[in-house]
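Just so it is clear: chains get the letters A, B, ... in the order the sequence lines come, proteins before strands, and each one is counted from 1.
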Amino acid sequence: DTGVSQNPRHKITKRGQNVTFRCDPISEHNRLYWYRQTLGQGPEFLTYFQNEAQLEKSRLLSDRFSAERPKGSFSTLEIQRTEQGDSAMYLCASTAGTGYSPLHFGNGTRLTVT
Amino acid sequence: AQKVTQAQTEISVVEKEDVTLDCVYETRDTTYYLFWYKQPPSGELVFLIRRNSFDEQNEISGRYSWNFQKSTSSFNFTITASQVVDSAVYFCALSEITQGGSEKLVFGKGTKLTVNP
């Protein structure tokens, strides 16, 4: 159990550029979540995968955001045409089973849009 | 919709003091789960406890204890004899079933705890 790994840890980009983040969940965890956390706030749900299927997307996830989880393993979150309001910490979490099994979070990717 | 309120934005204590972090929630569900997570400066949220709505027994784990009261919709967290290593942001969270039938957590805004030596 090596934990949830997220890359990169930090990303600085100019407004209008595209960025992609990667999340490697704990192996054999079939459920994967993306959350976004802004300064002074708690994490907000963005999207959820069960295996390779994206089962839920938050209204927070505009058309500029897309997430994938090919083969039910790692996941990527892409933001197109970034805006300053996208600046936040993007957290990935994984878990197995049901019944609200505790989420295992990664260290997050901090995005700064200048 | 579910809602979690952590009214204390920041708390500062001196080492060895006891400290209680408050959490009040709103839900229409009869079955739900409550959680506490710790977020140290490194950024990774660490799971502390999960409680389901049918289990109102208080729980103690070392210096940590939790008081769940359905009558007041509260799930408070107490650290006894605080230590500098307890300094972190603590989040209370509530389960929610989305419109699509998926499980997710709704987090409060967190309480930043600083324990001074």
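Residues A:F21 and A:L32 are members of one and the same hydrophobic cluster, defined by side-chain heavy-atom contacts under 4.5 angstrom among Ile, Leu, Val, Met, Phe, Trp and Tyr. A single hydrophobic cluster is seen to contain both A:L111 and A:L61, as judged by linkage of ILVMFWY side chains at heavy-atom distances under 4.5 Å, directly or through other members. B:V89 and B:L21 are not part of a single hydrophobic cluster, where members link through side-chain heavy atoms under 4.5 Å apart. In this structure, A:Y33 is a member of the same hydrophobic cluster as A:L55, with clusters built from ILVMFWY side-chain heavy atoms closer than 4.5 Å. Both A:F65 and A:V113 are assigned to one and the same hydrophobic cluster, defined by single-linkage of ILVMFWY side chains at heavy-atom distances under 4.5 Å.
Note on A:G42, A:A93, A:G108: by heavy-atom pairs under 4.5 Å with chain B, the leading option is A:G42. Looking only at heavy-atom pairs under 4.5 Å with chain B, the residue among A:Q37, A:E56, A:Q6 that has the most is A:E56.
Within 6.0 Å of the CG atom in A:L60, the count of heavy atoms belonging to other residues, nucleotides or ligands exceeds 12. Residue B:E15 places its CD atom among more than 12 non-hydrogen atoms of other residues, nucleotides or ligands, all under 6.0 Å distant. The 12-atom threshold is exceeded at CZ of A:R64, counting heavy atoms of other residues, nucleotides or ligands nearer than 6.0 Å. Annotation for B:K16: atom NZ does not count as buried by contact number, only 12 or fewer foreign heavy atoms lying within 6.0 Å.
Within the 4.5 angstrom heavy-atom criterion, only side-chain atoms of A:L91, from C-beta onward, approach chain B. In this structure, the portion of A:R9 lying under 4.5 Å from any heavy atom of chain B is its side chain and not its backbone. Interface residue B:L105: backbone and side-chain heavy atoms are both found under 4.5 Å from chain A. Using a 4.5 Å cut-off between heavy atoms, B:E96 contacts chain A through its backbone alone, with no side-chain atom that close. Looking at A:Q50, neither its backbone nor its side chain comes within 4.5 Å of chain B, counting heavy atoms on both sides. Looking at B:I97, the atoms closer than 4.5 Å to chain A (heavy atoms on both sides) sit in the backbone and in the side chain alike.
Ring geometry, A:Y100 versus B:Y33: the interplanar angle falls from 30° to 60°, so the pair is classed tilted.
Pairing each heavy atom of B:F35 with each of A:P102, the nearest pair is CE2-CA, 4.4 Å. Scanning all heavy atoms of the two residues, the minimum distance from B:L45 to A:P43 falls at CD2-CG, 4.1 Å.
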Margin query: Would A:F45 and B:F107 count as a ring-ring contact (aromatic ring centres under 6.0 Å, His included) here? Give the steps.
Written below: CA-CA 9 Å; A:F45 170 80; B:F107 286 83; over 10 Å; no
Next item on the list: Could you please spell out the steps behind the side chain to side chain contact (heavy atoms under 4.5 Å, CB included) verdict for A:Q41 and B:F91?
Entry: CA-CA 10 Å; A:Q41 302 295 315; B:F91 291 97; over 6 Å; no
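The closest side-chain heavy-atom distance from A:F105 to B:V46 is not below 4.5 Å.
Rounding to the nearest 0.5 Å gives a distance of 7.0 Å between CE of A:M89 and CD of B:Q39. Here B:K104 contributes atom NZ and A:L103 contributes atom CG; the two are 12.5 Å apart, rounded to the nearest 0.5 Å.
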